[in-house]
Asker: 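Dumping the structure here so I can ask a few things about it.
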Amino acid sequence: MIASIAEKVYSGERLSPEDACRLWAHPDLTELGMLADHVRQRLHPERVVTYNVGRNINYTNVCWVKCDFCAFYRQPGSPEGYVLSQEEIFAKIDELVGFGGEEPKSCEILMQGGLNPRLRLDYYEELLGAIRDRYPMVQLHCLSATEIIYIAHLSRLSLGETVARLRQAGLDSIPGAGAEILDDGVRDIIGFRKDRTEEWLEVHRVAHGLGMRTTATMMYGHVETIEHRLQHLQLLRQLQDQTGGFTAFITWSFQPDHTDLAADPGRWLGRKATGFDHLRTVAIARLFLDNFPHLQASWVTQGPKIAQLSLNYGIDDFGSTMLEENVVSAAGTSHTGQMTLGRMEKLIRDAGYEPCRRDTNYRRVAARPQPEALRKAATA
Ligand code: SF4
């Protein structure tokens, strides 16, 4: 049934959206995995799976956008709202570099937060500059497109000026968060105050134009159709054709607990995505996104075992050690406590690969962090 598509895959020919649609309907998941693994082996012939030493820092949970899929935010004025002080942020980075080592830009902080109306461009410039000066070993992989659009809006600056000023202050690269599903109809249902599809793409286009690297994400399993997922992949592939600035694609499923969307069963699909759905989504992404060099596992939402299995479905990277995660955990999913560096490396080895540390830009890092130090920091 998919023989003609398999021939395209084996000959390195680009798949059309119609091909991807047929693959999605194909019942044999193992066959999809074999095709995706073929592409992964062609791109990365070494038996190596990489990972990054990093931590998430959620500098504020104050956000006025109230996305219906989000359990992390607190509205402005809420007693549970917070903004971390520089000292608190430095303490978190100290823990990271304690085992991550001194090699320049070898550790990653993924710093993101809500859209807090009290934080202007000067706040971000000061914070990024302070971290850059104090921690040369840290890659500042920070601020989603959604945050950057809001900072530009508050500062009455163009996106280009805003990204350039953040970069000047120390921003190294931009994470792909906030993409959700790149379709305005879907965005109207799950978070109508959020940026539009074209705005999300424009931030990444602008950053790539300035020579910055970014990642791309997709959050599926809420209200979207398979056609929406394919459209999302198609938009990412088109932009990557134009700029080549994406380093990786990461996909995860909607985590419903404590969200407004899940409280309204008429609006969402009504059940969490299964491991089968995840592996199918990952495999088709690997086959369709032929211009993306890397696909990362999503062990935080899918758990260690599905993440390990996904190494046979097109994934070549285990993602970040992620010392701290608050956003997905707020929605009831918490696999972070189960993951240590030792466990991550064992999962990789047991799947037949050699683990290898990398930096945000996928350069290999020689220094190996100490698993015991990581475990202590993760549970501190
Ligand atoms: S997903 Fe981001 S923008 Fe939406 S409510 Fe949560 S913190 Fe705010």
Side-chain angles (χ1 to χ4, degrees), residues 56-84 89 109-121 123-124 127 141-155 159 162 166 174-204 214-224 228 232 250-264 267-268 298 300-301 322 324-334:
N56 283 15
I57 297 178
N58 300 114
Y59 61 95
T60 182
N61 65 347
V62 175
C63 186
W64 59 269
V65 180
K66 297 194 282 178
C67 296
D68 287 352
F69 61 85
C70 178
F72 167 71
Y73 74 87
R74 293 294 178 271
Q75 289 189 58
S78 163
E80 294 174 1
Y82 70 77
V83 179
L84 296 181
I89 291 173
I109 60 165
L110 200 167
M111 194 164 64
Q112 299 182 135
L115 270 55
N116 185 332
R118 299 185 72 161
L119 305 181
R120 307 295 168 109
L121 181 57
Y123 164 85
Y124 294 96
L127 178 59
H141 186 57
C142 308
L143 303 176
S144 66
T146 310
E147 288 162 277
I148 291 173
I149 291 164
Y150 188 54
I151 296 166
H153 169 75
L154 284 180
S155 312
L159 270 181
T162 306
L166 292 168
I174 296 173
E180 327 308 359
I181 288 287
L182 292 170
D183 177 87
D184 287 345
V186 170
R187 298 172 95 75
D188 282 344
I189 299 171
I190 65 173
F192 68 91
R193 299 175 194 85
K194 205 158 194 164
D195 44 288
R196 305 284 82 191
T197 295
E198 183 46 41
E199 289 177 307
W200 186 94
L201 291 166
E202 182 62 11
V203 171
H204 289 266
T214 74
T215 56
T217 65
M218 177 171 79
M219 183 192 67
Y220 66 90
H222 36 85
V223 304
E224 86 290 350
H228 288 130
H232 184 104
I250 312 114
T251 187
W252 62 82
S253 54
F254 168 53
Q255 303 303 311
D257 292 359
H258 315 301
T259 67
D260 289 346
L261 191 57
D264 184 353
R267 264 195 305 163
W268 78 297
S298 179
V300 175
T301 56
M322 214 173 285
E324 180 182 355
E325 201 292 321
N326 297 304
V327 177
V328 170
S329 306
T333 299
S334 183

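Remember, it's 1-based here, ligands and their atoms both numbered in the order they're listed.
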Asker: Please test W268 against I190 for side-chain contact (heavy atoms from CB on, under 4.5 Å), starting from the C-alpha separation and ending with a verdict.
Answerer: CA-CA 9 Å; W268 78 297; I190 65 173; over 6 Å; no

Asker: Name the residues with a heavy atom less than 4.0 Å from ligand 1?
Answerer: C63, V65, K66, C67, F69, C70, Y73, G114, K194

Asker: Could you go through L143 and I151, starting from their C-alpha distance and side-chain angles, then the distance that decides it, and tell me whether this counts as side-chain contact (heavy atoms from CB on, under 4.5 Å)?
Answerer: CA-CA 10 Å; L143 303 176; I151 296 166; 4.2 Å; yes

Asker: Closer than 3.5 angstrom, by distance alone: can the side chain of T217 be matched with the main-chain N or O of G176 as a donor-acceptor pair?
Answerer: yes

Asker: Hey, is R196 close enough to D188 for a salt bridge, meaning N to O under 4.0 Å?
Answerer: yes

Asker: Under the side chain to side chain contact (heavy atoms under 4.5 Å, CB included) rule, collect the residues that match up with R120, sequence neighbours excluded.
Answerer: D122, L154

Asker: Heavy-atom count check: over 12 atoms from other residues, nucleotides or ligands less than 6.0 Å from R118 CZ?
Answerer: no

